[in-house]
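Working notes for the structure below.
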Amino acid sequence: MRIVVSGGAGFLGSHICESLLDRGDEVVCLDDWSTSSPENLAHLAGHPGFTVVETDVSERVEVAGPVDAVAHFASPASPPDYHRRPLETLAVGSRGTENMLRLAQRTGARFVLASTSEIYGDPLVHPQTEEYWGNVNSIGPRSVYDEAKRYAEAVTAAYGRTLGTDVGILRIFNTYGPRMRARDGRVISSFVCQALNGDPLTCYGDGLQTRSFCYVDDLVRGIVAMIDSHEPGPVNLGNPGEFTMVELASLVIHLTGSPSTVEFHPLPTDDPTRRRPDITRATERLGWRPFIALEEGLRRTIAYFASRPDEVRAAASALVGGQ
Ligand code: UDP
């Protein structure tokens with residue numbers, strides 16, 4: 001297959017490109033480098049099936065030749081990133097999604113949207129099933145991401161309904177692993193870097209809010225299964241293991257053997273209280289489930305960051321304050 005991946009140089013995107021190339025697909029990666037890095041793709045440089053095009057997909061998407069699948073993964077995804085780039089986040093969720101959908105429509109390709117558990121907002125239903133419509137503050141600081149993704153789902157569903165495009169919507173829950181940036185600002189990369197530096201771990205609020213963390217290799221298997229299917233979704237992808245941030249901090253301190261302590265900071269506005277995917281649909285329709293438990297995934301992630309001490313040290317001062 002020839003597959004176009006927007007955001008292909010980002011954390012998730014680079015793993016997707018790699019996985020598709022490994023199985024023999026041709027991949028065209030579109031990226032504007034705004035929250036990604038060419039370094040994520042360095043090991044794929046020179047691969048005969050791989051092309052990288054620098055472009056902002058909110059402005060234009062021009063890909064010549066046949067396309068079998070389009071995967072739209074371009075967007076800031078870390079809260080500090082989308083707070084810093086609110087208008088760009090809205091643009092890539094709206095105009096960017098439309099541009100990518102047009103490419104899929106024109107070429108007769110399968111289209112897969114990277115949506116998010118954030119569309120559930122601060123959920124009133126737990127665990128979250130795909131039937132739940134969500135609880136989002138449409139004007140709060142997180143809305144630039146949440147509502148952009150909600151619009152992206154709406155326009156994707158409309159293309160499927162009115163134009164017959166072969167669309168699929170994935171709702172991706174918190175994901176972690178190698179190639180997250182040290183200064184990304186999301187909780188696992190922050191806690192791991194802080195622990196490796198011997199700095200206090202910055203726990204927001206009382207640390208009793210929960211998240212469910214999926215290791216990137218598990219997630220990418222689910223994404224590829226979605227690309228290969230004709231499943232319209234939405235389909236939740238995530239690991240149902242649910243942890244408080246205090247539990248996560250203790251586990252990271254334990255696994256790194258760090259002398260770090262935990263320090264409490266104000267909770268960001270509209271920070272969801274709890275989150276856990278119901279993955280029944282992913283299992284039934286895609287034959288997917290995650291295998292890598294948090295402890296094992298953390299060990300691999302810690303090893304990744306431990307091999308980049310300069311980056312980890314440089315990130316230390318940037319990791320307080322969330323938004
Ligand atoms: N969080 C934290 N310390 C940090 C970064 C995040 O306690 O240094 C908390 C954050 O408030 C949230 C949870 O960890 O409750 C997950 O945050 P993240 O930004 O990783 O993802 P999201 O909020 O998008 O689920």
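Every number for a ligand or one of its atoms is a count from 1 in the order of the listing.
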NZ/NE/NH1/NH2 to OD/OE distance under 4.0 Å, [X] and [Y]:
{"X": "R285", "Y": "E130", "result": "no"}
{"X": "E153", "Y": "R150", "result": "no"}
{"X": "D271", "Y": "R211", "result": "yes"}
{"X": "E295", "Y": "R299", "result": "yes"}
{"X": "E131", "Y": "R281", "result": "yes"}
{"X": "R142", "Y": "E118", "result": "yes"}

Top protein contact for [atom], by heavy-atom distance:
{"atom": "atom 16 (C) of ligand 1", "result": "R211 NE, 3.7 Å"}
{"atom": "atom 20 (O) of ligand 1", "result": "V187 N, 2.8 Å"}
{"atom": "atom 9 (C) of ligand 1", "result": "Q209 NE2, 3.9 Å"}
{"atom": "atom 11 (O) of ligand 1", "result": "D271 OD2, 2.7 Å"}
{"atom": "atom 13 (C) of ligand 1", "result": "M245 SD, 3.7 Å"}
{"atom": "atom 5 (C) of ligand 1", "result": "Y204 CE1, 3.4 Å"}
{"atom": "atom 21 (O) of ligand 1", "result": "N174 ND2, 3.3 Å"}

Which residue from Q194, R142, R274 reaches closest to atom 24 (O) of ligand 1 through any of its heavy atoms?
R142
Identify the residue among H126, R276, R274, E242 that makes a side chain to side chain donor-acceptor pair (under 3.5 Å) with T210.
E242
Report, in ascending order of atom number, the atoms of ligand 1 lying under 4.0 Å from any heavy atom of [X].
{"X": "E118", "answer": "24 (O)"}
{"X": "T202", "answer": "2 (C), 3 (N), 4 (C), 7 (O), 8 (O)"}
{"X": "F191", "answer": "3 (N)"}
{"X": "R186", "answer": "18 (P), 19 (O), 20 (O)"}
{"X": "C203", "answer": "7 (O)"}
{"X": "P268", "answer": "11 (O)"}

Looking at ligand 1, would [X] count as a contact under a 4.0 Å heavy-atom criterion?
{"X": "G185", "value": "yes"}
{"X": "H265", "value": "no"}
{"X": "R275", "value": "yes"}
{"X": "E263", "value": "no"}

When rounded to the nearest 0.5 angstrom, what is the spacing between CG in N137 and CG in D122?
10.5 Å
So CG of L237 and CD1 of I172: to nearest 0.5 Å the spacing works out to 6.0 Å
For Y120 and Y132, take the angle between the two ring planes, folded into 0 to 90°, and tell me which bin it lands in: parallel under 30, tilted 30 to 60, perpendicular over 60.
parallel
Do I279 and V216 share a hydrophobic cluster (ILVMFWY, side-chain heavy atoms under 4.5 Å, transitive)?
yes
